[in-house]
Amino acid sequence: MSANGTNKHVATYTDAAPTEISSILSGGYHHPLLRQWQNERQLTKSSLIYPLFVTDNADEETPIDSLPGQKRWGVNKVVPYVESLVAKGLKAVILFGVPLADDAKDPYATSADDPSGPVILTIKALRAACPDLFIMCDVCMCEYTSHGHCGILREDGTIIREESVRRLAAIAVNYAKAGAHSVAPSDMVDGRILAIKRGLLDAGLAHRCLLMSYSAKFSGNLYGPFRDAAGSAPSFGDRKCYQLPAGGRGLARRAIIRDLAEGADAIMVKPSTFYLDIISDAKELARDVPICTYQVSGEYAMLHAAAEKGVVDLKTIAFEAAYGCLRAGATLVITYFTPDFLDWLDEQ
């Protein structure tokens with residue numbers, strides 16, 4: 001109230017054209033700590049999952065040319081490497097098997113859950129060496145099939161759904177029996193979540209094995225370095241009939257809803273950077289479960305290539321990409337940058 005008894009107008013957020021500055025926004029981010037406080041979700045070491053390629057050569061330690069800084073590991077080499085990362089705060093890994101033996105591949109992915117194969121041996125070795133480490137296992141058949149596809153095929157090259165989901169469920173259960181804390185089917189074959197959940201229940205393992213579904217996995221051009229690393233490129237055709245088309249937002253939403261109904265405990269979106277709307281949809285549709293996204297090999301390689309050309313600063317762009325995923329709704333990020341982030345987060 002002014003001296004003459006009239007109401008004095010005070011600018012508010014709702015005014016179309018305020019005459020006074022209601023907030024000096026830069027006051028909220030002028031300090032490095034304040035800039036962290038402005039993040040709705042913080043990137044932490046617990047948010048990160050590190051993908052590892054493990055082979056059936058126990059002493060393997062081979063750099064992957066198309067994935068800078070990444071290697072294929074044998075069990076004897078991967079354990080001390082992971083121990084060094086656990087000392088820096090690594091909380092979780094996801095294992096991908098890379099069979100190298102001449103007889104390791106057949107039409108039925110027989111070696112995928114071989115007790116003496118790379119994944120099961122690595123699960124047991126890491127459980128013994130790093131008891132607090134969370135161990136996830138990718139569940140798919142493409143690395144182990146002679147044709148490189150993600151299921152058992154008919155003569156015309158299409159996937160036999162029923163036989164494939166039975167085989168995938170068996171692989172997942174055997175990983176859980178070996179000690180995996182989580183199984184993550186990436187094949188995108190319809191019905192595999194229900195089959196795996198039933199398998200875990202029948203084996204008495206569902207209470208101690210999280211089932212994370214690659215519910216929204218899109219086909220595309222970002223998987224090349226991974227296929228080089230894992231030797232999983234299809235020998236004919238492509239995967240467009242069982243991985244989602246790039247514009248298939250509605251299909252992704254339907255897949256997320258279906259997989260939740262079939263028993264998925266967590267949802268994954270893959271790739272990440274080009275599919276932030278799908279991450280946001282997943283967070284909306286699956287509010288009560290963890291949402292994970294996979295920054296795939298092509299995304300990682302592109303950021304490295306841009307940094308090598310001097311277009312971006314690698315550390316800065318890696319954080320920008322991660323925070324894009326977090327803003328969209330992800331709570332977990334699978335990324336090859338994990339070893340770097342373990343150091344970078346300590347520097348903040």
Side-chain angles (χ1 to χ4, degrees), residues 25-26 28-45 47-53 62-72 85 88-90 94 96 216-230 232-233 238 243-247 249 268-280 282 291-348:
L25 295 180
S26 56
Y29 57 91
H30 70 89
H31 187 280
L33 182 59
L34 289 177
R35 290 192 283 277
Q36 290 188 46
W37 287 356
Q38 293 297 337
N39 298 329
E40 183 177 340
R41 292 183 176 87
Q42 297 285 342
L43 182 67
T44 67
K45 295 180 181 181
S47 310
L48 302 168
I49 302 168
Y50 186 35
L52 289 168
F53 300 99
T62 303
I64 302 164
D65 292 340
S66 56
L67 273 176
Q70 308 306 307
K71 297 179 179 179
R72 283 189 294 268
L85 297 179
K88 295 181 178 182
L90 178 68
I94 182 167
F96 295 87
K217 179 179 179 180
F218 290 80
S219 64
N221 203 33
L222 289 169
Y223 303 126
F226 177 95
R227 291 173 183 170
D228 288 345
S232 62
D238 53 44
Q243 293 179 1
L244 303 180
R249 185 176 185 180
M268 191 190 303
V269 176
K270 177 183 181 182
S272 62
T273 310
F274 297 169
Y275 295 90
L276 298 180
D277 59 326
I278 309 300
I279 298 173
S280 181
I291 304 299
C292 182
T293 191
Y294 195 152
Q295 185 186 56
V296 300
S297 59
E299 296 172 276
Y300 172 83
M302 283 194 300
L303 296 183
H304 266 275
E308 289 171 7
K309 292 288 187 182
V311 176
V312 299
D313 173 74
L314 186 63
K315 176 180 176 180
T316 303
I317 199 69
F319 271 103
E320 286 185 45
Y323 273 110
C325 297
L326 297 181
R327 288 197 317 275
T331 51
L332 303 169
V333 182
I334 300 174
T335 174
Y336 301 96
F337 280 113
T338 295
D340 298 305
F341 278 132
L342 295 177
D343 292 327
W344 292 337
L345 287 168
D346 282 340
E347 297 168 2
Q348 289 187 336

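As a basis for the values below, the full set of heavy atoms in this structure was taken, side chains included, without hydrogen atoms, waters or symmetry mates. The shown structure was predicted, so the numbers you read here are calculated from the model rather than taken from an experiment.
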Can you tell me how far [atom2] of [Y] sits from [atom1] of [X], rounded to the nearest 0.5 angstrom?
{"X": "Ser66", "Y": "Tyr300", "atom1": "OG", "atom2": "OH", "result": "10.5 Å"}
{"X": "Leu25", "Y": "His30", "atom1": "CG", "atom2": "NE2", "result": "13.0 Å"}
{"X": "Leu303", "Y": "Glu320", "atom1": "CG", "atom2": "CD", "result": "9.5 Å"}
{"X": "Leu314", "Y": "Asp340", "atom1": "CG", "atom2": "CG", "result": "6.5 Å"}

Looking only at non-hydrogen atoms, find the nearest pair between [X] and [Y] and report the distance.
{"X": "Gly28", "Y": "Leu34", "result": "O-CB, 3.4 Å"}
{"X": "Thr44", "Y": "Leu345", "result": "C-CD1, 3.9 Å"}
{"X": "Gln36", "Y": "Gln42", "result": "O-NE2, 2.6 Å"}
{"X": "Ala246", "Y": "Tyr275", "result": "CB-OH, 3.6 Å"}
{"X": "Glu299", "Y": "Pro271", "result": "OE1-CB, 3.3 Å"}
{"X": "Ala216", "Y": "Leu244", "result": "CA-CD1, 3.9 Å"}

Of all residues at least two apart in sequence or in a different chain, which pass the side-chain hydrogen bond (donor to acceptor under 3.5 Å, both in side chains) check with [X]?
{"X": "Ser280", "result": "none"}
{"X": "Thr316", "result": "Asp313"}
{"X": "Asp346", "result": "Lys45"}

Do Phe341 and Phe319 have ring centres separated by under 6.0 Å?
yes

With no hydrogens and no angle check, is any side-chain donor or acceptor of Tyr323 less than 3.5 Å from a backbone partner on Leu43?
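Checked: pair present.
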
Taking the side chain from Arg35 and the backbone from Tyr29, do they hold a donor-acceptor pair closer than 3.5 Å?
yes

Any side-chain heavy-atom pair from [X] and [Y] closer than 4.5 angstrom?
{"X": "Lys71", "Y": "Thr62", "answer": "no"}
{"X": "Leu52", "Y": "Phe96", "answer": "no"}
{"X": "Leu48", "Y": "Tyr50", "answer": "no"}
{"X": "Pro245", "Y": "Phe218", "answer": "no"}

Take Met302 and Leu222, measure what side chain to side chain contact (heavy atoms under 4.5 Å, CB included) needs, and give me the verdict at the end.
CA-CA 9 Å; Met302 283 194 300; Leu222 289 169; 3.7 Å; yes

Residues in salt bridge (charged side-chain N to carboxylate O under 4.0 Å, His left out) with Glu40, at least two apart?
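Partners of Glu40 by the salt bridge (charged side-chain N to carboxylate O under 4.0 Å, His left out) criterion come out as none, since no residue qualifies.
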
Residues in salt bridge (charged side-chain N to carboxylate O under 4.0 Å, His left out) with Asp343, at least two apart?
Lys88

What side-chain donor-acceptor pairs closer than 3.5 Å can you find for residues 324-338, not counting sequence neighbours?
| from | atom 1 | to | atom 2 | distance (Å) |
| --- | --- | --- | --- | --- |
| Thr331 | OG1 | Ile291 | N | 3.1 |
| Thr331 | OG1 | Ile291 | O | 3.1 |
| Thr335 | OG1 | Gln295 | OE1 | 2.7 |
| Thr335 | OG1 | Phe337 | N | 3.0 |
| Tyr336 | OH | Tyr294 | OH | 2.8 |
| Thr338 | OG1 | Ile49 | O | 3.4 |
| Thr338 | OG1 | Thr335 | O | 2.7 |

Stepwise side chain to side chain contact (heavy atoms under 4.5 Å, CB included) test for Thr293 and Met268:
CA-CA 5 Å; Thr293 191; Met268 191 190 303; 5.7 Å; no

